[in-house]
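Please read the structure below before turning to the comments.
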Amino acid sequence: MLPKKHGWVIGVRATIRYLTTKSAPKPELKYTSTVNLPKTKFPARLSAEKRAQVEEQLRKSCLSELYHWNRSALPADSEFILHDGPPYANGDLHMGHAVNKILKDLILKHKIIGGTRVHYVPGWDCHGLPIELKALEAFNRKNAKRAGPTGQTAREIRHTARQFAVETIAKQKAGFESWGVTGAWHDAEGCYRSLDPAYISAQLQLFYELYERKLIYRDLKPVYWSPSSQSALAEAELEYDEAHQSPSLYLKLALENGGADCAALRNHRPEGGEIYAAIWTTTPWTLPANQAVCYNPALDYCLVRSAAAGELLLVGKDLIDYLATQLETALTVLQTIPGRELHTLKYHHPLNHQTVLPFLPAAHVKAEKGTGLVHTAPAHGPEDFLVCLERKIAIENLIDERGRYTDRAPPFLHGKYALTEGNQLVTEVLASSTLKLTTLVHSYPIDWRTKQPVMLRASDQWFIDTDSLKQRALEEIKSVDIYPRTSSDVSKKVIEGQLRKRPYWCISRQRAWGVPIPALYDTVTKQPIVSGPLIAAIDARLRKEGSVDFWWTAPVEELVPAAVLRELGLTHDRVAKGKDILDIWFDSGVSWLTVLGKERVADLYLEGVDQFTGWFQSSLLTSVAARGKAPYRAIFVHGFAVDEHGMKMSKSLGNVICPQQIAKQYGCDALRWWVCAHAIQNTSIPVSHKLLGSSAESVQKLRGILKFLLGVVAPRGPEEGKPSPAIVLDQSQHIDRYFLHELEGFHRQAFGLYDSYQHNRATAVILNFCLSTLSGLYLHVIKDRLYCGSPEQHSHLRAILDHTYRTLAQVLWPIVPFLVEESWTFYEQDYFYKSKPHTRQSVCWNGGDAAASVHAVQCALALRHAVYQQAQLNVNTWLLEVAVECNDNDLALLSMLHPVPSAHDHSTELCELLQVGSVALRKGAPKQAGPEGTRFTVTVTKSDKTLCPRCRRFLVSEAQPICERCSTVLGRQ
């Protein structure tokens, strides 16, 4: 194609003559009525106000019926299931919502327009801390001035949270619908919510099933605990503060009997002196809970003398140089001891010297940093916990739910906050035993909601046995396709890595807003009680009352039938209700059960890349636990919206761009185009008015092309059920065949990109075809035949452009449905998606003929560039006479377009393609240099004749009022 500045590629506005006065000369007045200019009432442009009205009208009259039509009109044997991951019902819509829901809708609409029935049930995650915090904020504002007690009961929290969630869902649902997202938004069964009785019932039944199979159990284990939220947290509920500061403490622990219990140390024990084990920790607050020192039997250890104080220290051999640097002192090796010899050693607790504790072998001890000896507090570390559990060492937990020391801790720590006061007080008390104390800046987990540090803390919780599910889950994920394909291998490794390193999954939380864990507790033995009759009693009341609020309000006598307790051998006064709720990741992770049932598998899950550690994994584990298979066949991930500088959008930074405002300013189709063009290229999705304005401009260009096509194919407006005109290939010129070949290729390529979820590439292909091949080439070349040619030529071209319009509408509809449906109202009376576009007319031709036409036109396009190089600027090209010398192969190809090569013929296809007055071809050796000059020798002269006043293409003499072609056409009218 030629550069626009030279007038060869004229673009959309130049193609649509009736929208501009600059692209082509106007026929004289007496011939105006004889020219077939495109005519349509489809507007070239809409104001923001008018666009909003059109979108609302289409939303109500057209798109609202789409999902029901899809379910009833399309065959069920090829159903495509996209399972919707539930967003939190906790706030206004943001750009992340737009990216997620519009990407899903692009896929759904592509499937529908291709004739495939889709299954899509939108959902919401209604429970958990984010919504509870919003409810607490609202309650506190409302009751700030109320006299008397203002603390919320669980019932009040749940009532406020439910009301907030329901109101938020209504607003979000309206927003999703306004973007044209496909769904049965107003049906009672059209959406799912995790607070619905049916959803909760299925969840409780699954909990009991997994409990009976011993995949769910209760135990004391260290879990991530948030003192600020007073609840256990899952890995997916953590963020990391990269600039967190912790104490870095090197400490010496006195060995029992000066290390005499170890034969290898006896000879080096000084008279009346001590030998110390050196340890390193960044959590001094855990030292009161120290219960052992771990070593690795496979490593060697050394007794060294410190030059600074002359002390004898036991350290790992491979860490001596590292430790000497850290302690800023020389360390002299006195003795090397195999690690297996340390099993007899004991040491004095750092804070309670009367307590003597053991050395324990452990494979998790590494010679990478520290001292090679590890301070072990099983209440605050998973490896520590497992080591002590194996040896049946009782766990000492000295921290309460608020992160404060209990009265079992040393007296100077009672009631102090461990993460702040605890670090300071412990390091002060241990000053005499400190080898070195500095500050370490490192990554540290924080609560994703309160942004406060968390701790590992042992507590009684409910767990899913991920160890027994891990292998099956890893096998299942191998057969799952992950998109985009460019990051598939990395993404699969991420989810596999998360599965492998997950020791267990804590599914209990200590909050009020959620689904209660349906367990009673024996007040004497403290053992949990879960039974089928208990679940049945809870389920019956749930279905009757519509919520599980009764779990917090009803006494045990009312909640649990006496017959159930008798069956368990208990009485009401010996049982208590549990206060834990289910983890929201379990809550949302079992959504497949309500939406898909026990048998069906979704074709696709689509969420943000962070869900590899969240919903993708919780859904996988629960599905594998319940039915032995993954809930999805494929996963599609997208990134996160950031501003033009790559910063995360936040109200505090003032860089938030609201999707509703974008839709109002640029239109819903522009928002959808932006999502399609940018949402999957990187993990960070830039949002800026420049990009949004560019998207709106792209949509406007497409509107101009649709207007031109409608002006040709539907000049009288919409007709009901009109058949598409047939394309007669015998009447086609080579350029027509070339274009139809390109159109079919465009259709296949665009749909192929949709099928492989390469939406960003699809937008590029669409724009390139529409602006270059369609508007810049074909529509520009055929204007003369279309406007001024014979009725047969016009009818033939109208059939081609009708086929083009329907094809273009089919390709565009998934991205810009409002534009397509609006234009369709000027074409047919029914909605576009009801016109069965998937049965689009195909063009049948001889493959060899098509290939020959393509090669001929491609050769002509190369020649056109060479002609352009010789042409003068600002000259009407129809006045140019061109002589071309070329090789045998090119001469044969060009002769297909120019049957009498040597004659200066002015009515051939080659003239039409080159947009020149006449062409003469002859065989010859090229004389010019340059990329195309080596192929053609071109001579260009300008005619002194005038152009026909009707068509402005063919030359006429002074004696001729109009050209011969126009005279013939007018003679038939």
Side-chain angles (χ1 to χ4, degrees), residues 126-129 131-132 135 151-163 165-166 193-213 216-219 230-232 401 459-463 506-584 586-587 590 593-594:
C126 308
H127 293 134
L129 185 59
I131 296 172
E132 185 171 337
Q152 270 189 306
T153 65
R155 182 176 184 178
E156 289 173 319
I157 291 174
R158 292 180 62 81
H159 173 77
T160 308
R162 182 182 296 104
Q163 184 178 19
V166 170
R193 305 178 302 175
S194 62
L195 56 71
D196 289 330
Y199 191 100
I200 295 173
S201 175
Q203 191 174 355
L204 294 177
Q205 295 292 343
L206 181 63
F207 176 90
Y208 177 64
E209 176 187 332
L210 299 183
Y211 175 82
E212 284 291 285
R213 292 167 52 198
I216 288 181
Y217 62 95
R218 185 171 172 84
D219 202 353
Q230 297 182 41
S231 176
E401 290 82 358
S459 62
D460 288 306
Q461 302 289 342
W462 289 89
F463 298 91
C506 176
I507 60 168
S508 50
R509 298 292 182 269
Q510 290 65 53
R511 304 299 304 186
W513 178 232
V515 176
I517 292 181
L520 303 175
Y521 294 89
D522 187 321
T523 56
V524 176
T525 65
K526 308 300 182 185
Q527 291 300 306
I529 303 164
V530 180
S531 71
L534 174 61
I535 299 297
I538 296 171
D539 187 58
R541 188 159 180 175
L542 164 64
R543 293 181 180 277
K544 179 181 178 180
E545 298 186 12
S547 78
V548 284
D549 289 354
F550 59 83
W551 183 263
W552 283 268
T553 59
V556 175
E557 294 82 3
E558 179 185 334
L559 182 65
V560 187
V564 173
L565 287 179
R566 284 196 301 271
E567 187 177 325
L568 297 170
L570 297 170
T571 58
H572 283 119
D573 58 358
R574 191 176 162 176
V575 295
K577 292 180 295 182
K579 298 180 181 180
D580 296 336
I581 63 170
L582 285 163
D583 171 25
I584 54 173
F586 184 88
D587 203 22
V590 300
L593 180 60
T594 298

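Numbers for residues simply follow the sequence, beginning at 1. Reckoned from all heavy atoms, side chains included, excluding hydrogens, waters and symmetry mates.
At least one donor-acceptor pair under 3.5 Å links the side chain of Thr160 to the backbone N or O of Glu156.
Tyr521 places none of its side-chain heavy atoms less than 4.5 Å from the side chain of Lys526. Proximity of Val515 to Asp587: side-chain heavy atoms (C-beta onward) are separated by under 4.5 Å at one or more points. Using a 4.5 Å cut-off on side-chain heavy atoms (C-beta onward), Leu582 and Gln203 make contact.
Residue Asp219 holds its CG atom at 10.5 Å from CH2 of Trp462, rounded to the nearest 0.5 Å. Rounding to the nearest 0.5 Å places CZ of Phe550 at 11.0 Å from NZ of Lys544. In this structure, Leu520 CG and Leu570 CG are separated by 8.5 Å, a value rounded to the nearest 0.5 Å. Separation of atoms OG (Ser547) and CH2 (Trp552) is listed at 9.0 Å; rounding is to 0.5 Å.
Within the structure, salt bridge (charged side-chain N to carboxylate O under 4.0 Å, His left out) contacts touching residues 560-576 (residues at least two apart or in different chains) are Asp522-Arg574. Applying the salt bridge (charged side-chain N to carboxylate O under 4.0 Å, His left out) test to every pair with at least one member in residues 549-565, sequence neighbours left out, gives these pairs: Arg158-Asp549, Arg162-Asp549, Arg541-Glu558. Counting only residues at least two apart or in different chains, ring-ring contact (aromatic ring centres under 6.0 Å, His included) contacts with residues 553-577 are absent.
Listed by chain and number, the residues in a ring pair (Phe, Tyr, Trp, His ring centres under 6.0 Å) with Tyr217 are Phe463 (sequence neighbours excluded). Under the side-chain hydrogen bond (donor to acceptor under 3.5 Å, both in side chains) criterion, Asp196 pairs with Arg193, sequence neighbours left out. Residues that satisfy the side-chain hydrogen bond (donor to acceptor under 3.5 Å, both in side chains) test with Ser508, not counting sequence neighbours, are Gln461. Judged as a side chain to side chain contact (heavy atoms under 4.5 Å, CB included), and not counting sequence neighbours, the contacts of Ala512 are Glu132, Ala154, Ile157. Scanning for salt bridge (charged side-chain N to carboxylate O under 4.0 Å, His left out) contacts around Arg213 gives Glu209, with sequence neighbours left out. Residues passing the side-chain hydrogen bond (donor to acceptor under 3.5 Å, both in side chains) test with Trp513: none are found, sequence neighbours excluded. Looking at residues two or more places apart in sequence or on another chain, you find a side chain to side chain contact (heavy atoms under 4.5 Å, CB included) between Thr594 and Tyr199, Ala202. In this structure, the side chain to side chain contact (heavy atoms under 4.5 Å, CB included) partners of Tyr208, at least two apart in sequence or on a different chain, are Glu212, Val530, Ile535. In this view, Gln230 and Arg402 satisfy the side chain to side chain contact (heavy atoms under 4.5 Å, CB included) rule, not counting sequence neighbours.
Taking each heavy atom of Val548 and Gly514 in turn, the nearest pair found is CG2-O, 4.4 Å. Counting all heavy atoms, side chain and backbone alike, Ile538 lies closest to Pro518 at CD1-CB, 3.7 Å. In terms of heavy atoms, Ile200 sits closest to His127 at CD1-CE1, 4.4 Å. Across Cys506 and Asp583, no two heavy atoms sit closer than the pair O-OD2, 3.9 Å.
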*Determine, step by step, whether Val575 and Thr523 satisfy the side chain to side chain contact (heavy atoms under 4.5 Å, CB included) criterion, reporting the C-alpha distance in whole Å, the side-chain angles of both residues, the deciding distance to 0.1 Å, and the verdict.*
CA-CA 6 Å; Val575 295; Thr523 56; 5.8 Å; no
| task | Let me see the working for Leu204 and Asp539 under side chain to side chain contact (heavy atoms under 4.5 Å, CB included), right down to the final yes or no. | result | CA-CA 8 Å; Leu204 294 177; Asp539 187 58; 5.7 Å; no
